[in-house]
Participant: 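Could you have a look at this structure, given as structure tokens, before my questions?
In listed order, ligands and their atoms are each counted from 1. Heavy atoms only: backbone and side chains are in, while hydrogens, waters and symmetry mates are out.
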Amino acid sequence: MLEARGLKDFSISTWYEIFKDVALKTIIINIPNELLEKLRADTGEMKIEEVCNEDYLNHVKNTILSFNGKAFVKSNWHAPIDAKFASLGYSLTVTNIDDLLVYFASSEIIMHDFSHNNVDSFCIALKPWINIHPASEFRCIVINNILQGITPRDWPTFYAHFCEDGPNIIRALTDFYKQNIYEKFSRKTYTFDVILNFPENVTLLDFGPLNNKTNLYAFSWKEIQAIIKKNSNQEVPPVFRYLESDMGIMTRSEALHKITQSQLT
Ligand SMILES: Nc1ncnc2c1ncn2[C@@H]1O[C@H](COP(=O)(O)OP(=O)(O)OP(=O)(O)O)[C@@H](O)[C@H]1O
Ligand SMILES: [Mg+2]
């Protein structure tokens, strides 16, 4: 579990104002205590009208409408991705306040978020629903203010264009990092997630901690931990790690094992 400082630093309610020009538009709505208590109590059916006042409900409804009636929802830190079974067509689209409550209430990830007791405020972060091509999602690994690694988030999946586009992907994400993230985020070691639409349209999705719990996709914690331990300030170009050939369906660890040894320093 993240310590209080980490919870604050990685909460979208902390970083969004600083990065809103390069991040996916988000409207952040605080969760009133009564609603938080109901969600935490996990009593299933709840009549939201009895928990929140009309102004609050209208605010949430109008926010969803402002995204053409189709939104994506997160807590301060996470999306309820484990609530997909509760969603029509597995999509997690929020079209009304009930969708939102169902996803939150049926997500262990969100319930765990809400169980923290050392946080000032909890929020509903609403974003426009966008169709994201899986190959356009990347996680960037920053160690000591140096962008060290870039990994596709759709892993392990083979995308033939990564080989040819690799240098462009590295360039676009390095430029984005240097212009918009470097020294603006409150930590020196962390991850950030982006969508890259060619040739160089980059949208920031999220920040996250870098530790042994982090999903590093194409990288292993062991190799990343070794770089952290070195504690070097020397700038090196980032490694873009991806599947270089179609090896059929593999588990994550099989893929990690098979990829060619990278030049991470
Ligand atoms: N606005 C959006 N519209 C549609 N799909 C989205 C949107 N934002 C994110 N997604 C999809 O949902 C996935 C999870 O979103 P996100 O990375 O923000 O969640 P997270 O809980 O922070 O994940 P992690 O714990 O891995 O950091 C993304 O990989 C993306 O495919
Ligand atoms: Mg995240």
Participant: Between the Mg ion (ligand 2) and Asp206, is there an N, O or S atom separated by less than 2.8 Å?
Facilitator: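 Here the distance criterion (N, O or S atom, under 2.8 Å) is met by Asp206, so yes.
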Participant: Quick check against the 3.5 Å criterion: does Asp246 have a side-chain atom that pairs as donor or acceptor with the backbone of Ala160?
Facilitator: no
Participant: Just go through Phe10, Phe72, Phe192 and tell me whose heavy atom is the nearest to atom 8 (N) of ligand 1.
Facilitator: Phe72
Participant: Under 3.5 Å, is there a donor-acceptor pair between the side chain of Asp165 and the main chain of Asn168?
Facilitator: no
Participant: Tell me the protein heavy atom at minimum distance from atom 23 (O) of ligand 1, and give that distance in Å.
Facilitator: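 For atom 23 (O) of ligand 1, the nearest protein heavy atom comes out as Arg153 NH2, 3.6 Å.
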Participant: State whether Phe207 and Arg187 meet the cation-pi test: NZ (Lys) or CZ (Arg) under 6.0 Å from the six-membered ring centroid, and within 45° of the perpendicular axis.
Facilitator: no
Participant: At a 4.0 Å threshold, what atoms of ligand 1 neighbour a non-hydrogen atom of Trp77?
Facilitator: 22 (O)
Participant: Can you pull out the closest protein heavy atom to atom 1 (N) of ligand 1? Residue, atom name and distance to 0.1 Å, please.
Facilitator: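 The answer is Pro128 O, 2.9 Å.
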Participant: Of all the atoms in ligand 1, which lie at a distance below 4.0 Å from a heavy atom belonging to Ala79?
Facilitator: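 Close to Ala79: 19 (O), 20 (P), 21 (O).
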Participant: Would you confirm whether Lys184, through its side chain, and Gln179, through its main-chain N or O, come within 3.5 Å as a donor-acceptor pair?
Facilitator: yes
Participant: Quick check on contacts: which atoms of ligand 1 are under 4.0 angstrom from a heavy atom of Asp206?
Facilitator: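 By the 4.0 Å cutoff, the relevant atoms are 22 (O), 27 (O).
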Participant: Should Leu24 be listed as contacting ligand 1, given a heavy-atom distance under 4.0 Å as the test?
Facilitator: yes
Participant: Who's closest to atom 28 (C) of ligand 1 heavy-atom-wise, of His78, His133, Glu137?
Facilitator: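 Checking each option, the heavy atom nearest atom 28 (C) of ligand 1 is found in Glu137.
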Participant: Any idea which protein heavy atom is nearest atom 3 (N) of ligand 1, and the distance to it?
Facilitator: Ile130 N, 3.0 Å
Participant: If you count every heavy atom of other residues, nucleotides or ligands that lies below 6.0 Å from Asp120 atom CG, does the total exceed 12?
Facilitator: no
Participant: Give a yes or no on whether the backbone of Ser11 and the side-chain of Tyr16 come within a donor-acceptor separation of less than 3.5 Å.
Facilitator: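 Here the side-chain-to-backbone pair does not exist.
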Participant: Would you confirm whether Thr214, through its side chain, and Pro209, through its main-chain N or O, come within 3.5 Å as a donor-acceptor pair?
Facilitator: yes
Participant: Within less than 4.0 angstrom of ligand 1, does Pro134 place any heavy atom?
Facilitator: no
Participant: Taking the side chain from Thr191 and the backbone from Gly208, do they hold a donor-acceptor pair closer than 3.5 Å?
Facilitator: yes
Participant: Is there a donor-acceptor contact under 3.5 Å from the side chain of Asp82 to the main chain of Ser107?
Facilitator: no
Participant: Going by the order shown, which atoms of ligand 1 are within less than 4.0 Å of some heavy atom of Trp129?
Facilitator: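 Here the atoms of ligand 1 in question are 3 (N), 4 (C).
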Participant: May I ask which of Lys213, Lys127, Lys74, Arg139 has a heavy atom nearer to atom 19 (O) of ligand 1 than the others do?
Facilitator: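 Going through Lys213, Lys127, Lys74, Arg139 one by one, Lys74 has the nearest heavy atom to atom 19 (O) of ligand 1.
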